[in-house]
Colleague: 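Have a look at the structure that comes next, please.
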Amino acid sequence: MAVRLAGWGFRHATRRAWAVRDVDLTVAPGERVLLTGASGAGKSTLLRALAGLLDPEAGDPTGELTVDGAVPDRRRQRVGMVFQDPDSQLVMTRAGDDVAFGLENTGTPPALIWPAVDAALDAVGFDLGRDRATAALSGGQKQRLVLAGALASRPGLLLLDEPTAQLDPDGAAQVRTAVLRAVDARDATLVVVDHDVESWLPLVDRVVELLPGGGTVEHGRDWRPAPPRLPVRQQHSPGEQLLAAEAAGYTHRGSDSPGLLPTDVVLRAGRTLAVTGPNGTGKSTLALLLAGLRAPTTGRVTAGAALTAGLRRPERPPHRWRAGELVQRIGTVFQQPEHQFLTGRVRDELALGAGDTARAGELMERLGLAALAEANPFTLSGGQQRRLSVATALATDPRVLVLDEPTFGQDRETWAELVALLAEQQDGDRALCLVTHDAGVVTALADDVLALGSTVPA
C-alpha cells in the first residue's frame with residue numbers, strides 16, 4: 001500500500017500549537033520507513049492519521065493525506081497498527097480471543113482464524129497460551145500480544161508506535177525479527193516509530209525525521225544520531241535503610257502461578273538500585289509493592305525509622321499508610337503514566353504535589369513541559385506523559401523514588417535531561433529504585449542491580 005502526504009498537518013482542538021505540520025512524504029508499496037524525531041514532534045499523531053483513527057472534528061487537519069489513493073478511513077481494514085500504550089488495544093479477557101477479535105471483524109473464515117492466531121502468537125514469542133488472562137500480563141507481554149493481533153490479518157500497511165519500548169533486549173530482537181518476516185516479501189508497507197534508531201537501521205530502507213517546528217528531513221541508512229550526554233555522578237556511601245522487601249511475592253487473584261516470586265530487596269539512602277530482567281518476571285509488580293500501592297500476597301515490605309518519622313502508626317507497612325503520608329515519602333512512576341494523572345492541566349498536576357509554584361515551574365522547564373502548562377495531561381504524547389509522571393514523583397521531594405521505565409519514549413535530548421535530573425536526586429538522603437530495560441540508564445545511574453530470573457512458571 002502506498003502512502004502520500006502533501007503539506008499535511010494536524011492541530012488538536014484544545015491546542016494553539018500544531019501537533020504536526022508541513023509534512024511532505026511519499027512511501028512506496030512495500031517500503032520500510034523508520035519515523036523518528038523529538039518527543040512531541042507528532043509521530044504518534046501521524047501514525048493515527050495514516051490508520052484512519054484521527055477524527056477531523058477533534059482538531060484542524062490541513063493538506064492532503066492518502067493511503068493507496070484514498071482517504072485513510074476507506075483503507076482501515078487493510079491497516080494494522082500497534083499503539084504506544086498496549087492497554088488501549090486490548091479488548092478481550094483472554095490472549096487468544098484478543099488476537100482473534102480483529103480476524104473475526106474482517107470476516108476471516110472461522111476455519112482459518114485459530115491457525116492464524118497461533119502463527120501470530122508464535123511469531124512474536126508469546127508462549128503463554130491462548131487462555132492466559134490479558135489482565136495478568138506484564139506490559140511487555142501485552143506489547144507482544146497486540147503486535148500479534150496486528151500481524152494476524154496480514155495487513156497491507158503496518159504501523160508500529162514504539163513496538164519494543166517495554167521489551168527486554170531478547171524480546172525486542174524477537175519482535176523486530178517477527179516484523180521483518182511479516183514485511184519480507186515486500187507485499188506490506190512498514191512505517192515504524194522508535195527512538196531505538198540503531199536497532200532498526202539495518203531493517204529499514206530510510207529514516208524520516210519529523211522536525212518540532214514542522215516539516216521533515218530524510219536520512220540515509222548510514223546515518224547515526226549523536227550519542228546522548230551522560231551526567232557526572234557523585235558517589236555516596238550506603239546510608240540508613242529506608243525500605244525493604246522480605247521474601248515479598250505476589251499472585252494475581254484467580255491465577256495459579258505467581259506474578260512475582262518471593263524477592264528480597266533493600267533500599268538504602270545514597271544508593272540507586274536498578275531492577276532488570278526478562279518480561280514477565282514481576283519487575284513492575286515489585287515496584288508496586290515497594291511503592292506501597294499493592295500488598296504482597298507472601299512476605300512483607302517494611303519501612304525504616306527514617307521513612308516512618310512523623311507517622312501516626314509507624315509500625316504499619318507502606319500499603320496501609322494514608323495517601324497523603326505515602327506520597328510525601330515515596331514518589332512513584334507507573335509503567336503506564338496516564339494511570340496516575342488526576343487533573344485536567346499539566347500545571348495543576350504538578351501543583352498537587354509541589355505546593356510550590358516555583359518548584360513546579362522549574363520541573364516543567366527542565367523537562368520541556370513549560371509550553372504545555374495549560375494542556376490536558378491525557379492529550380500529551382507518550383514521551384511527554386512519561387516526563388510529566390517523573391516530574392510529579394519528584395514534586396513532593398520524597399526520600400524514596402520508585403520509577404518504572406522512567407525513560408520510555410524519549411528522544412536523546414529529553415533522555416539526557418531526565419537522566420541528569422534523576423542523577424541530581426542521588427544525594428546521601430534518598431534511595432532510588434529504577435525498573436528498566438534501558439542499559440544506558442543502568443550504566444549512568446545504578447549502584448546496584450537486581451536481575452530478576454527467568455519468566456515465572458506458566
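Atom set for the values below is all heavy atoms of this structure, side chains included, hydrogens, waters and symmetry mates excluded.
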Colleague: Under 3.5 Å, is there a donor on one side chain and an acceptor on the other for R386 and T407?
Modeller: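 Note: R386 and T407 side chains miss the donor-acceptor criterion.
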Colleague: So, the side chain of Q84 versus the backbone of G382: is there a donor-acceptor pair under 3.5 Å, distance only?
Modeller: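 Yes, the answer is positive, given that a donor and an acceptor are paired below the 3.5 Å cut-off.
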Colleague: Flag yes if more than 12 heavy atoms outside D55 fall under 6.0 Å of its CG atom; otherwise flag no.
Modeller: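 Yes, CG of D55 has more than 12 neighbouring heavy atoms, counting only those of other groups under 6.0 Å.
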Colleague: Take atom CZ in R253; do more than 12 heavy atoms of anything else shown fall under 6.0 Å from it?
Modeller: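 Not more than 12 within 6.0 Å, no.
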Colleague: Determine whether V33 and D205 make a side-chain contact, defined as any pair of heavy atoms from C-beta on separated by less than 4.5 Å.
Modeller: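 The answer is no, as the side chains (C-beta and beyond) never meet within the 4.5 Å cut-off.
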Colleague: Could you tell me whether a side-chain N or O of K283 sits under 3.5 Å from a main-chain N or O of S138, the two making a donor and an acceptor?
Modeller: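 Checking the backbone N and O of S138 against the side chain of K283, no donor-acceptor pair under 3.5 Å is found.
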Colleague: Can a side-chain donor-acceptor contact be found between D438 and W415 if the only test is distance below 3.5 angstrom?
Modeller: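 The answer is yes; a qualifying pair exists.
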Colleague: Between the side chain of Q89 and the main-chain N/O of P86, is any donor-acceptor distance below 3.5 Å?
Modeller: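 Such a contact is absent between Q89 side chain and P86 backbone.
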Colleague: Side-chain contact test, heavy atoms from C-beta onward, threshold under 4.5 Å: evaluate it for H195 versus Q410 and give yes or no.
Modeller: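 A side-chain contact is absent here, since even the closest heavy-atom pair is not under 4.5 Å.
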Colleague: Looking only at heavy atoms, which two atoms of E31 and T26 are closest? And how far apart?
Modeller: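 Residues E31 and T26, closest heavy atoms: OE1-O, 4.2 Å.
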Colleague: Could you point out which residue of T392, N376, T343 forms a side chain to side chain donor-acceptor pair (under 3.5 Å) with E349?
Modeller: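 Among T392, N376, T343, the one that satisfies the side chain to side chain donor-acceptor pair (under 3.5 Å) with E349 is T343.
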Colleague: Apply side chain to side chain contact (heavy atoms under 4.5 Å, CB included) to the pair T414 and Q384, showing each step before the final yes or no.
Modeller: CA-CA 9 Å; T414 56; Q384 291 165 340; over 6 Å; no
Colleague: In this structure, are over 12 heavy atoms from other groups packed under 6.0 Å from R320 atom CZ?
Modeller: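 Open.
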Colleague: Inspect the contact between E198 and R221 and indicate whether a charged nitrogen and a carboxylate oxygen are less than 4.0 angstrom apart.
Modeller: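 Salt bridge flag = no for E198 with R221.
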Colleague: Using a 3.5 Å distance criterion without hydrogens, assess whether the side chain of K43 forms a donor-acceptor pair with backbone atoms of L35.
Modeller: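 Such a contact is absent between K43 side chain and L35 backbone.
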Colleague: Would you mind reporting whether L286 and L288 have side-chain heavy atoms less than 4.5 Å apart?
Modeller: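 The answer is no, as the side chains (C-beta and beyond) never meet within the 4.5 Å cut-off.
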Colleague: If you apply the rule side chain to side chain contact (heavy atoms under 4.5 Å, CB included), what do you find for L367 with L388, and how did you get there?
Modeller: CA-CA 8 Å; L367 295 175; L388 177 58; over 6 Å; no
Colleague: Which heavy atom of T189 sits nearest to which heavy atom of G30, and what is that distance?
Modeller: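 Looks like OG1-N, 2.9 Å.
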Colleague: Would you indicate whether the side-chain heavy atoms of W200 and T36 approach each other to under 4.5 Å?
Modeller: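 Counting from C-beta outward, T36 and W200 never come under 4.5 Å.
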Colleague: Taking side chain as C-beta onward, heavy atoms only, is L190 less than 4.5 Å from V179?
Modeller: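 Contact flag for L190/V179 side chains = yes.
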Colleague: Closest heavy-atom contact between G282 and L260?
Modeller: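 Nearest heavy atoms, G282 then L260: O-CD1, 3.6 Å.
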Colleague: For the backbone of L421 and the side chain of Q425, can you confirm whether one donor and one acceptor N or O come within less than 3.5 Å of each other?
Modeller: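 Checked: pair present.
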Colleague: Within the 4.5 Å heavy-atom criterion, are T216 and L211 side-chain neighbours or not?
Modeller: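 They are not in contact (no side-chain heavy atoms under 4.5 Å apart), so the answer is no.
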Colleague: Less than 4.5 Å apart, any side-chain heavy atom of H252 and any of T297?
Modeller: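 No; the side chains remain at least 4.5 Å from each other.
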Colleague: Might you work through the side chain to side chain contact (heavy atoms under 4.5 Å, CB included) test for L450 and D448, ending with a clear yes or no?
Modeller: CA-CA 7 Å; L450 171 64; D448 309 292; over 6 Å; no
Colleague: Working to the nearest 0.5 Å, report the span between CG of D85 and NE2 of H339.
Modeller: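 Here the interatomic distance stands at 6.0 Å.
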Colleague: Within 45° of the axis and under 6.0 Å from the centre of the six-membered ring of F10, does NZ or CZ of R21 qualify?
Modeller: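 Here R21 fails the 6.0 Å and 45° test against F10.
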Colleague: If I compare all heavy atoms of S257 with all of T251, which pair ends up nearest, and what's the gap?
Modeller: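 The answer is O-CG2, 3.6 Å.
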Colleague: Using distance alone, with no hydrogens and no angle criterion, decide if H236 and Q426 have a side-chain donor and acceptor under 3.5 Å apart.
Modeller: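 Distance-only check fails for H236 and Q426.
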Colleague: As a quick check of understanding, evaluate side chain to side chain contact (heavy atoms under 4.5 Å, CB included) for R32 and D184, giving each step before the final call.
Modeller: CA-CA 10 Å; R32 307 165 187 162; D184 194 41; 3.6 Å; yes
Colleague: With distance as the sole test, does E405 use its side chain to make a donor-acceptor pair with the main-chain N or O of H437 at under 3.5 Å?
Modeller: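 Yes: the side chain of E405 pairs with the backbone of H437.
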Colleague: Would you tabulate the side-chain donor-acceptor contacts of residues 142-157 under 3.5 Å, counting partners in other chains and residues two or more places apart, or write 'none'?
Modeller:
unit_1 : atom_1 : unit_2 : atom_2 : d
K142   : NZ     : D87    : OD1    : 2.7
Q143   : OE1    : Q166   : N      : 3.1
Q143   : NE2    : E162   : O      : 2.7
Q143   : NE2    : P163   : O      : 3.4
R144   : NH1    : V124   : O      : 3.2
R144   : NH1    : G125   : O      : 2.9
R144   : NH1    : Q174   : OE1    : 3.4

Colleague: Are the charged groups of R4 and D68 less than 4.0 angstrom apart, N to O?
Modeller: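 Looking at D68 together with R4, the answer is no, because their closest N to O distance does not fall below 4.0 Å.
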Colleague: Within the side chain of R76, is there an N or O that forms a donor-acceptor pair under 3.5 Å with the backbone of G52?
Modeller: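 At least one qualifying donor-acceptor pair exists.
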Colleague: How long is the straight-line distance from CG of D404 back to CZ of F334, given to the nearest 0.5 Å?
Modeller: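 If I round to the nearest 0.5 Å, the distance is 10.0 Å.
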Colleague: Restricting to non-hydrogen atoms, name the atom on A19 and the atom on T45 that form the minimum distance, rounded to 0.1 Å.
Modeller: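 In this case the closest contact between A19 and T45 is CB-OG1, 4.1 Å.
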Colleague: Rounded to the nearest 0.5 Å, how far does OG1 of T108 lie from CH2 of W114?
Modeller: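 That separation rounds to 12.0 Å.
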Colleague: Roughly how far, to the nearest 0.5 Å, is the CZ atom of R48 from the CE atom of M81?
Modeller: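 Those atoms lie 5.5 Å apart.
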Colleague: Indicate yes or no: at least one non-hydrogen side-chain atom of F83 is less than 4.5 angstrom from one of D161.
Modeller: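 The answer is no, as the side chains (C-beta and beyond) never meet within the 4.5 Å cut-off.
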Colleague: To the closest 0.5 Å, what do you measure between CG (L403) and OG1 (T332)?
Modeller: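 The distance works out to 8.0 Å.
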Colleague: Check whether T443 reaches the backbone of A439 with its side chain - one donor and one acceptor, N or O, closer than 3.5 Å.
Modeller: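 Side chain of T443 to backbone of A439, a donor-acceptor pair under 3.5 Å: yes, one is there.
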Colleague: Would you say D98's side chain and M92's backbone share a donor-acceptor pair under 3.5 angstrom?
Modeller: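 Yes; at least one donor-acceptor contact below 3.5 Å.
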Colleague: What are the two closest heavy atoms between R329 and W321, and how far apart are they?
Modeller: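 What the structure gives for the nearest pair is CD-CZ3, 3.8 Å.
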Colleague: Charged N to carboxylate O below 4.0 Å: is that the case for R366 and E424?
Modeller: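 Between E424 and R366 there is a salt bridge, with a charged N closer than 4.0 Å to a carboxylate O.
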Colleague: Please round to the nearest 0.5 Å and tell me the distance separating atom CG of L159 and atom CG of L46.
Modeller: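 CG of L46 is found 9.0 Å from CG of L159.
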Colleague: Tell me yes or no: between the side chains of D196 and T164, is some donor less than 3.5 Å from an acceptor?
Modeller: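 On atom types as modelled, these side chains do not qualify, holding no pair under 3.5 Å.
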Colleague: Side-chain donor-acceptor pair under 3.5 Å between R94 and T134, yes or no?
Modeller: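 No pair is found: no donor N or O on one side chain lies under 3.5 Å from an acceptor on the other.
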Colleague: Quick check: does any side chain N or O of S389 sit under 3.5 Å from a backbone N or O of P337, one acting as donor and the other as acceptor?
Modeller: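 No: the side chain of S389 does not pair with the backbone of P337.
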